[in-house]
2 protein chains.
Amino acid sequence: MRATVTTASSAPSSRALPHPVCEEIRLEGVLHALSDPVRLRIVRRLAAEGVELSCSHFDLPVTKSTTTHHFRVLRESGVIRQTYEGTAKMNGLRRTDLDGLFPGLLDALLAAAARQEARHGVR
Amino acid sequence: MRATVTTASSAPSSRALPHPVCEEIRLEGVLHALSDPVRLRIVRRLAAEGVELSCSHFDLPVTKSTTTHHFRVLRESGVIRQTYEGTAKMNGLRRTDLDGLFPGLLDALLAAAARQEARHGVR
DNA sequence: AGGCTCGTACGATAAGCATCGTAATACGGG
DNA sequence: CCCGTATTACGATGCTTATCGTACGAGCCT
């Protein structure tokens with residue numbers, strides 16, 4: 001017997017994705033999330049595009065399982081927001097929240113990443 | 001008062017402390033180093049004091065062994081510079097180097113840390 | 001309905017890391 | 001020359017994490 005998912009007109013799907021509220025976002029967690037090259041790459045791409053992207057739009061050097069893991073770390077640390085949209089899962093940077101919590105931090109991090117890439121070239 | 005300074009130019013002792021040069025400092029490494037609460041605390045203290053401090057001037061909730069470990073991580077990631085001065089080991093923030101590599105990043109990180117402490121500390 | 005695509009859950013594994021205690025080393029002073 | 005202080009080195013341990021493969025569930029399309 002399956003759980004009759006009550007009318008649920010607000011949420012398009014029954015799948016719940018827990019996100020930390022702003023007060024729960026920890027700087028250490030954000031830094032740890034961004035200290036992984038794969039995750040930093042994801043965040044840079046999200047920031048560059050400026051829109052929500054589905055997981056499959058990223059060309060990452062890891063398997064799908066690992067990709068799921070990295071997106072979850074980013075979501076649980078408060079860096080991105082994930083929402084289901086049909087079969088796709090959309091990912092958006094929590095820019096407003098992060099800027100409110102740590103003004104200027106995200107921009108400084110993105111600028112630093114861009115600078116490092118410019119210095120070392122794309123490898 | 002400097003007493004019995006050893007031979008001025010070369011290393012004062014056989015103890016070598018390898019530091020990364022600027023080009024070797026990686027953003028991911030810096031973020032990883034600062035994602036540990038103990039290390040973030042060390043860096044904040046160094047930034048606040050603005051001068052070099054010996055390891056024993058820090059009151060950290062870990063043993064000496066662990067303290068040594070954290071200082072080494074900070075040094076190897078390029079965040080601090082360590083030099084021997086007699087029996088003491090002095091630690092200084094590599095502010096100039098970091099500002100040159102990633103302008104604004106260190107200040108943004110320190111501001112973010114201060115903001116988080118203000119939020120969670122004084123009510 | 002049946003298949004297709006996207007993403008998840010669940011193990012499993014191997015590496016990394018924060019932590020500690022103890023023994024050892026370097027340096028300065030009596 | 002020995003002693004005390006400051007710090008490291010080494011070895012151990014338990015936890016976290018990055019990675020994978022495979023099997024499963026959820027929604028779209030014909």
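In what follows, chains are A, B, ... by sequence order, proteins preceding strands, each numbered from 1.
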Can you measure from NE2 (A/His57) to CG (A/Leu46) and round to the nearest 0.5 angstrom?
-> 12.0 Å
Listed nucleotide nearest any side-chain atom of A/Arg39, set C/dG7, D/dA18, C/dA18 |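 From the listed options, D/dA18 comes nearest.
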Minimum-distance nucleotide (side-chain atoms of A/Thr87 versus D/dT5, D/dA26, C/dT19) =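 Output: D/dA26.
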What is the nucleic acid contact for A/His32, judged by heavy atoms within less than 4.0 Å: base, sugar-phosphate only, or nothing?
->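 Sugar-phosphate only.
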How would you label the contact of A/Thr67 with the nucleic acid (heavy atoms, under 4.0 Å): base, sugar-phosphate, or nothing?
->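 No contact.
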Roughly, in whole Å, what's the span from [atom1] in [X] to [atom2] in [N]?
X	N	atom1	atom2	answer
A/Gln82	C/dC6	CD	P	17 Å
B/Leu40	C/dA18	CG	C1'	16 Å
B/Glu28	C/dG16	CD	P	16 Å
A/His57	C/dT5	NE2	P	16 Å
B/Phe71	D/dA9	CZ	P	15 Å
A/His70	D/dT17	NE2	C1'	9 Å
B/Met90	C/dA26	CE	P	21 Å
A/Leu34	D/dT17	CG	C1'	16 Å

Phosphate-side-chain proximity, [X] and [N], N/O vs OP1/OP2 below 4.0 Å:
X	N	answer
A/Thr66	D/dA18	no
A/Thr63	D/dT19	no
B/His69	D/dA9	no
A/Arg72	C/dG7	no
A/Thr68	C/dT8	yes

Flag if over 12 foreign heavy atoms under 6.0 Å of CD, B/Glu49 |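 Counting other residues, nucleotides and ligands, CD of B/Glu49 exceeds 12 neighbours.
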State whether A/Arg44 and A/Glu117 are salt-bridged, where the test is any N-O pair (Lys NZ or Arg NE/NH1/NH2 against Asp/Glu carboxylate O) under 4.0 Å.
->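 The answer is yes: the pair qualifies as a salt bridge.
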Pair B/Ser65, B/Thr68: side-chain N/O donor-acceptor within cut-off below 3.5 Å = no
Is it true that the side chains of B/Glu52 and B/Gln82 contain a donor and an acceptor less than 3.5 Å apart?
-> no
Please tell me which of B/Lys64 and A/Val38 maps to the more 5' nucleotide of DNA chain D, matching each residue to the nucleotide holding its nearest heavy atom.
->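 The 5'-side residue here is B/Lys64.
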Record whether the side chain of A/Ser65 comes under 3.5 Å of the base of D/dT22 through a donor-acceptor pair of N or O atoms.
->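 Flag set: donor-acceptor pair detected.
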